[in-house]
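Below is the structure I would like to discuss, written out as structure tokens.
None of these values were measured; they are calculated from a predicted model. Heavy atoms only: backbone and side chains are in, while hydrogens, waters and symmetry mates are out.
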Amino acid sequence: MADYQDSKARVLRFYDDFEAASAEATAVVLNRHTAPGYRFRCVHPFNELNGAEAVARSVWQPLRRAFTGMQRRQEILMAGTNEKDGKPWVISMGNFMGLFDRTWLGIPPTGKIAFLPYAEFHRVEGDRIAESALFFDIIRLMNQAGLSPLPMQTGAEIIHPGPRTHDGLLLDVQDEAETARTLALVNRMKEHVTTTYETGYPRELLAETWHEDMLWYGPSGIGSTYTIDRYREQHQMPFRKNLTDIVFNGHVCRFAEGHYAGWFGWPNLTMTPTGGFLGLPASDRRADMRVVDIYRREGDKLAENWIFIDLLHWLAQQGVDVL
């Protein structure tokens with residue numbers, strides 16, 4: 001457990017230095033806190049980068065110049081041993097907030113407060129961050145700038161709240177028994193999902209691991225939904241009807257701490273949009289989907305789920321560049 005606390009403290013020191021530094025000093029901060037050969041995964045159009053200088057130049061400096069006074073507003077912070085590699089990882093989730101004053105990725109500035117939802121994973125090695133994965137919801141920022149790159153989808157387009165219980169910043173040591181319960185539950189749910197792609201995910205099976213009043217916070221372009229029945233109607237059934245031959249590729253990182261759990265894959269899924277998806281016509285073109293899921297358990301079932309999907313990457317594989 002001490003290793004988890006050290007890992008969280010390591011990442012929080014990086015965040016403090018990062019926010020205190022200017023955009024121009026971002027590479028200096030990254031070099032101070034990351035290991036040689038730092039590996040960085042990010043959503044399209046950034047994808048995979050190596051080394052602090054490349055990450056600063058491609059990702060952080062342009063964003064920080066665009067977002068005046070950018071703040072990291074965390075809703076969830078957790079750490080644990082990754083089931084996939086046995087190493088300590090940290091998850092941070094929330095929003096970057098700032099005044100959207102300059103163009104970023106071709107998205108026109110608003111001069112107003114803007115929120116860029118994010119989920120970030122860090123593998124900590126000794127006193128350095130050796131590897132990171134960063135997911136942005138870029139389409140949600142586009143919507144705030146008055147752009148609508150995708151037609152209205154089945155869920156609600158909202159800025160996601162943090163946990164209903166307001167206890168997502170796990171700064172203290174968590175009970176190991178509760179952690180084990182959470183991890184067992186999300187793994188059980190994962191097995192339900194991945195073994196029913198072809199047959200359908202029946203309501204009674206879903207209700208074994210989810211509360212009736214579950215909250216599912218989907219990415220912009222899919223939307224969010226509330227309760228098991230509306231989740232099935234507004235996300236699960238359209239997803240499974242229109243995307244076929246789904247293959248689960250596994251996760252890069254998966255762990256739990258306390259009542260929370262999270263994972264990401266690179267990619268998690270491969271599928272064919274034979275029924276069309278996100279407003280695109282039907283296609284036989286296979287495409288990978290990179291996904292983050294972060295969960296909150298309440299009692300013996302899951303209550304809330306925050307999802308990030310690299311939809312720009314998925315769309316690019318279908319020949320569409322919304323940027």
Is it the case that one hydrophobic cluster holds both V11 and V28, taking links as side-chain heavy atoms less than 4.5 Å apart, direct or via other members?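 Looking at the clustering, V28 is in a separate group from V11.
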Qualifying residues under ring-ring contact (aromatic ring centres under 6.0 Å, His included), relative to W89, sequence neighbours excluded: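 ring-ring contact (aromatic ring centres under 6.0 Å, His included) check on W89 returns nothing, list empty.
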Measuring from E75:CD to M93:CE, what's the distance to the nearest 0.5 Å?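 The CD atom of E75 sits 6.0 Å away from the CE atom of M93.
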Should the ring pair F136 and W60 be called parallel, tilted or perpendicular, given that the plane angle runs from 0 to 90° and is split at 30 and 60?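 Geometry flag for W60 against F136: perpendicular rings.
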Measuring from atom CG of D288 to atom CG of D310, what distance do you get when rounded to the nearest 0.5 angstrom?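 One gets 10.5 Å once the value is rounded to the nearest 0.5 Å.
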Could you list the residues that satisfy side-chain hydrogen bond (donor to acceptor under 3.5 Å, both in side chains) with H313, not counting sequence neighbours?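 Once residues adjacent in sequence are excluded, the partners of H313 under the side-chain hydrogen bond (donor to acceptor under 3.5 Å, both in side chains) criterion are R290, Q317.
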Would you check if there is a donor-acceptor pair between the side chains of T225 and R230 at a distance under 3.5 Å?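 Side chains of R230 and T225: no pair found under 3.5 Å.
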Given the rule in the side chain to side chain contact (heavy atoms under 4.5 Å, CB included) test, do L185 and Y295 qualify, once you have shown the distances and angles that lead to the verdict? CA-CA 10 Å; L185 179 62; Y295 301 92; over 6 Å; no
Only one of Y226, W306, F308 passes ring pair (Phe, Tyr, Trp, His ring centres under 6.0 Å) with Y217; say which it is.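 Between Y217 and the candidates, ring pair (Phe, Tyr, Trp, His ring centres under 6.0 Å) is satisfied uniquely by W306.
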Determine whether the aromatic ring centres of residues F135 and Y118 are separated by less than 6.0 angstrom.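 For Y118 and F135, the ring centres are not under 6.0 Å apart.
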Taking the side chain as C-beta and beyond, is there a heavy-atom pair between D245 and R286 under 4.5 Å?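 Yes, close enough: below the 4.5 Å cut-off.
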Charged N to carboxylate O below 4.0 Å: is that the case for E19 and R64?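 Result for this pair is no, no salt bridge flagged.
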M97: hydrophobic cluster co-members (side-chain, 4.5 Å):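 Besides M97, the cluster holds L99, I113, F115, I159.
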Using a strict threshold of under 4.0 Å (side-chain N to carboxylate O), is an ion pair present between R203 and D229?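 Yes, charged N to carboxylate O under 4.0 Å.
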Side chains of T194 and I246: does their closest heavy-atom pair fall under 4.5 Å?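 When only atoms from C-beta onward are counted, I246 and T194 do not touch, as no gap falls below 4.5 Å.
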